[in-house]
Amino acid sequence: MDNRKSVAYFCMEYGIENNVKLYAGGLGILAGDYMKEACDQGYPIVGIGILWKQGYGEQLIDQETGMPYDAYKNRVYPFLEDTGVTVSVCIKKRDVKIKVWRYRAHGVDNLYLLDTDIEGNDGEARWITGQLYGWFGEERVAQEMVLGIGGVRAIRALGLNPSMYHFNEGHALFAGFELIREKLSRGMRFREALQETRKEVVFTTHTPVPEGNEQHPIDRLIYMGANLNMTKRQLKAIGGDPFNMTAGALRLSRVSNAVSDLHRITAQKMWKKVKGRCEIIGITNGIHIPTWVDRKMLELAEEYNGTKAAEEELWNRHMHNKDALIAFIEKRTGIKLNRDVLLIGFARRAAPYKRSGLLLSDPDFIEPLLRGRKLQIVYSGKAHPLDDTGKGIITGITGMARQYPDSIVFLENYDMEIGRMMTRGADIWLNNPRRPQEASGTSGMKAAMNGVLNVSTLDGWWPEACDHGVNGWQFGDGYQSDNIEKADMHDLKALKACLVNEVIPTYYEDRSKWVEMMVSSIKTTREPFGMKRALDEYYKRMY
Ligand SMILES: *Cc1c(COP(=O)(O)O)cnc(C)c1O
């Protein structure tokens with residue numbers, strides 16, 4: 001690709017390294033993988049993000065004062081380079097100073113992180129970059145003003161001159177406001193400034209769950225100063241009233257993408273009523289393979305030739321990864337799982353549509369399998385401390401884990417390390433979202449490339465990859481219903497049948513077929529679901 005355009009990529013979170021707590025979940029992991037692949041391929045991409053003091057859901061409280069820890073007391077990242085650049089944004093009628101750091105480590109070298117916790121800011125301003133995804137409206141708007149408006153100003157101050165601005169999720173939308181303001185200040189008319197801005201912005205939409213799409217009262221945006229002097233009418237024309245960040249981004253972009261083909265169809269329906277929005281195309285997510293996949297496993301799959309020796313070697317490598325997971329679980333929980341029993345992995349943020357408890361919901365089915373040592377399950381998950389529904393979901397699973405201490409384990413605080421261990425060492429990767437609410441689901445890609453067979457509803461990326469009984473399994477046949485109970489009953493029945501009739505017999509009775517399926521899982525996914533393909537597609541179809 002010659003003449004590659006330079007791109008500035010905006011995201012609230014980046015999952016780059018496990019101990020660098022700048023991410024909450026899938027969105028951040030995607031952004032981290034994207035930055036790593038851009039670096040590997042030498043693409044002219046810079047990332048803009050925020051230097052969070054506390055990670056998602058972390059509550060680091062000083063025992064003595066009861067106040068949140070001072071950032072520099074508890075977390076210092078020595079690899080951050082001081083760019084010497086400071087910019088400012090007027091938030092709630094006072095100037096907030098923003099320091100710009102450069103992240104150059106862990107295979108990333110062009111990521112700039114914004115930080116308000118600096119001398120000269122008042123206490124409230126210093127806390128803007130305190131905790132990822134503040135839950136309160138004003139706090140969130142302030143965070144997004146730092147990311148969007150501060151981000152564009154940082155780009156200018158650093159002397160970078162990107163030709164495209166990519167908003168990964170609607171959080172970055174205020175960057176579009178700043179791009180408009182710049183043009184107005186050069187004397188352009190509003191309509192023209194809007195049109196010109198639209199030519200340089202692209203957008204990725206993620207969640208098909210309505211609550212996941214943030215909105216704010218227009219008055220709040222004005223009160224905070226996020227409007228940058230745009231009038232109420234102008235704001236309303238962009239994001240509606242209340243102001244919806246996704247609708248706004250769809251109107252401020254040249255083109256946008258959903259993160260799988262099924263999600264494209266869902267998103268087009270969901271945002272049908274947004275007049276004047278850009279087109280939504282589908283670009284399925286991918287993963288940064290060196291981060292997530294066991295290289296040895298990739299090699300063995302490539303060399304596999306159907307002989308007994310090749311089969312044995314690949315299986316032994318899998319057992320090596322499974323043993324590593326079992327040891328990891330034992331270290332964390334004291335529970336030692338059995339290496340000869342089919343191990344199901346399930347790790348998800350505790351959102352209701354992901355149905356973490358589905359498999360456990362019929363005791364007459366699951367109990368004999370657990371007692372008879374036909375299967376064992378490792379769960380992981382995380383809920384925000386203020387999210388009672390999510391916490392309830394996790395309590396349900398940990399309750400079951402106490403009843404079956406030898407066969408069900410729960411790993412607390414799902415993070416990149418747990419994700420990596422589980423998507424390498426489980427035998428199967430269970431994914432049972434209510435179709436069509438899972439936008440993509442990159443954990444399944446990690447599993448697939450490690451030879452961990454997916455057992456999944458046809459949601460997110462899986463309809464594009466699944467060859468049933470060849471590289472994994474689907475259950476539910478793509479059934480959808482607005483009646484939640486009906487949908488859950490349908491899928492549970494299908495899941496049970498798939499486990500009992502296909503997965504369990506293959507695992508215990510036909511090792512050769514299992515290994516062949518592992519090989520085919522790896523070979524059919526490594527190119528189409530690698531980040532290289534996704535990045536190239538962004539260049540071809542978006543930038
Ligand atoms: C891969 C990964 C995700 C995203 O996985 P989904 O399939 O979208 O749930 C989230 N969190 C962590 C820690 C991961 O490693």
Side-chain angles (χ1 to χ4, degrees), residues 11-34 36-37 55-58 106 132-133 168-169 204-209 212 258-260 262-263 284-294 325 328 345-356 378-384 390 393-394 411-426 428-450 452 454-465 472 525 529-531 534:
C11 191
M12 277 282 255
E13 46 166 312
Y14 290 87
I16 293 163
E17 222 279 320
N18 192 50
N19 293 319
V20 186
K21 302 290 182 189
L22 302 175
Y23 69 97
L27 179 70
I29 306 279
L30 179 77
D33 280 11
Y34 171 96
K36 288 177 189 173
E37 194 73 43
Y56 180 73
E58 277 186 317
H106 316 114
L132 175 54
Y133 298 131
N168 191 31
E169 230 338 322
T204 301
T205 182
H206 286 264
T207 175
V209 184
V259 291
S260 70
L262 178 61
H263 180 223
T284 305
N285 287 162
I287 60 167
H288 181 249
I289 294 174
T291 298
W292 299 106
V293 185
D294 174 18
L325 173 62
F328 178 80
F346 187 105
R348 295 289 181 298
R349 194 163 43 79
Y353 78 86
K354 294 188 186 246
R355 298 188 294 194
S356 305
V378 53
Y379 283 101
S380 186
K382 192 167 184 175
H384 194 281
I393 292 170
I394 289 179
L411 297 172
E412 314 235 357
N413 293 322
Y414 180 34
D415 64 10
M416 288 179 75
E417 185 184 21
I418 293 179
R420 183 159 27 218
M421 294 304 296
M422 285 179 65
T423 54
R424 289 181 190 209
I428 64 174
W429 193 248
L430 177 63
N431 181 44
N432 46 230
R434 240 174 242 136
R435 179 176 153 129
Q437 298 195 61
E438 185 62 81
S440 181
T442 53
S443 62
M445 300 172 189
K446 301 167 194 168
M449 289 183 213
N450 280 308
V452 172
N454 277 273
V455 176
S456 171
T457 48
L458 284 174
D459 203 4
W461 76 294
W462 193 230
E464 293 164 49
T525 56
F529 303 100
M531 186 54 92

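Counting starts at 1 for both ligands and their atoms, in listed order. Bear in mind the structure is a predicted one, so any value in this text is a computation, not a measurement.
Among all heavy-atom pairs drawn from Asn285 and Phe529, the shortest one is O-CD2, 4.2 Å. When all heavy atoms of Cys11 and Asn168 are compared, the closest pair comes out as SG-ND2, 3.5 Å.
Looking from atom 11 (N) of ligand 1 to the surrounding protein, the closest heavy atom is Tyr414 CE2, 3.4 Å. What sits closest to atom 6 (P) of ligand 1 on the protein, heavy atoms only, is Ser443 OG, 3.6 Å. Considering only non-hydrogen protein atoms, atom 1 (C) of ligand 1 sits nearest to Lys446 NZ, 1.4 Å. Atom 10 (C) of ligand 1 has its closest protein heavy atom at Gly26 N, 3.6 Å.
For the atom pair Phe346 CZ and Asn431 CG, the distance stands at 7.0 Å (nearest 0.5 Å).
More than 12 heavy atoms of other residues, nucleotides or ligands lie within 6.0 Å of CD in Glu417, so this atom counts as buried by the packing criterion.
In this structure, Met531 and Leu30 have side chains that are in contact, with non-hydrogen atoms separated by less than 4.5 Å. In this structure, the side chains of Leu325 and Arg424 stay at 4.5 Å or more apart for every pair of heavy atoms.
For Asp415, no nitrogen or oxygen atom sits less than 3.5 Å from a nitrogen or oxygen atom of ligand 1, counting backbone and side chain alike.
With a heavy-atom cut-off of 4.0 Å, Arg420 does not touch ligand 1 at all. Within the 4.0 Å heavy-atom criterion, the part of Lys354 lying near ligand 1 is the side chain and not the backbone.
For ligand 1, the atoms lying closer than 4.0 Å to a non-hydrogen atom of Trp292 are 15 (O). In summary, the atoms of ligand 1 found under 4.0 Å from a heavy atom of Arg348, numbered by their order in the structure, are 9 (O).
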